[in-house]
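Input: a single structure, listed below in structure tokens.
Just so it is clear, the structure is predicted and the values come from calculations on it, not from any experiment. Along the sequence shown, the residues carry numbers beginning at 1.
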Amino acid sequence: MLDRAALLGTWRMISWTRTVVATGEVSDAMGTDPIGYIAYHADGRMMAFVTNRRRPRPNGKAPNDNEKAALFDTMLAYTAAYTLEGDKVIHHVEAAWNPTWERPLIRPLHMEGDILVISDAPGTDPVTGEDVIYRLEFRKL
């Protein structure tokens, strides 16, 4: 079980994989080298932000509708209150880039050396709609 003091701080994403439940296919959720951070604060709040390092660039000053869709599909961001319950953290999401994530997200977690691992987190991929299992790895800054 991870104690609250160990969780506090800002963590930089190392990797994020997804396994499709139906097929077992494993892929990188936000590319091979995502840019991402998760921060847990002593006041019980947290924030997460992740992007694909190779996000498409809009052709003009403002993205057109197709470019907006591609940008939406290559990021994740939300803010939440959080609680620890045994080997799980529950993110009580209040605002998210995708409103379907504005609900409690239950995330099993543990430490592997100095790496925070959030794994076996079932979900629905917001881009494909597939049932997936996520594994996220972070290193504390």
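Between M46 and I38 there is a side-chain heavy-atom pair separated by less than 4.5 Å.
Applying the salt bridge (charged side-chain N to carboxylate O under 4.0 Å, His left out) test to pairs two or more places apart or on separate chains, those with a residue in residues 80-96 are R45-E94.
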Test log, rule side-chain contact (heavy atoms from CB on, under 4.5 Å), inputs T17 and E137
CA-CA 9 Å; T17 59; E137 297 182 355; over 6 Å; no

Go through it in stages, so that I can follow the logic: the residues are S15 and R135, the test is side-chain contact (heavy atoms from CB on, under 4.5 Å), and I'd like the CA-CA distance, side-chain angles, deciding distance and then a yes or no.
CA-CA 8 Å; S15 67; R135 179 182 172 92; over 6 Å; no

Determine, step by step, whether T51 and L71 satisfy the side-chain contact (heavy atoms from CB on, under 4.5 Å) criterion, reporting the C-alpha distance in whole Å, the side-chain angles of both residues, the deciding distance to 0.1 Å, and the verdict.
CA-CA 9 Å; T51 67; L71 291 169; over 6 Å; no

Determine, stepwise, if the pair L116 / M111 fulfils side-chain contact (heavy atoms from CB on, under 4.5 Å).
CA-CA 5 Å; L116 174 67; M111 295 292 294; 4.0 Å; yes

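The CD1 atom of I90 lies 13.0 Å from the OH atom of Y82; values are rounded to the nearest 0.5 Å.
Aromatic ring orientation, W101 versus Y134: tilted (interplanar angle from 30° to 60°).
Both W16 and V20 sit in one connected hydrophobic cluster of ILVMFWY residues. Membership requires side-chain heavy atoms under 4.5 Å apart, directly or through other members. Placement of M30 and I133 in two distinct hydrophobic clusters is found when ILVMFWY residues are connected by side-chain heavy-atom separations under 4.5 Å, directly or transitively.
Judged purely by atom type and a 3.5 angstrom limit, E67 uses its side chain to pair as donor or acceptor with the backbone of N59. Panel note: side chain Y40, backbone R4; no donor-acceptor pair is recorded below 3.5 Å.
Scanning for salt bridge (Lys or Arg N to Asp or Glu O under 4.0 Å) contacts around D33 gives R53, with sequence neighbours left out.
Between K140 and D114 there is no salt bridge, since none of the side-chain N atoms of the basic residue sits less than 4.0 Å from a carboxylate O of the acidic one.
Contact detail for M75 and W97: the closest heavy-atom pair is O-NE1, 3.1 Å.
Considering V117, D120, L7, L136 as possible partners of L109, the one that fulfils the side chain to side chain contact (heavy atoms under 4.5 Å, CB included) test is L7.
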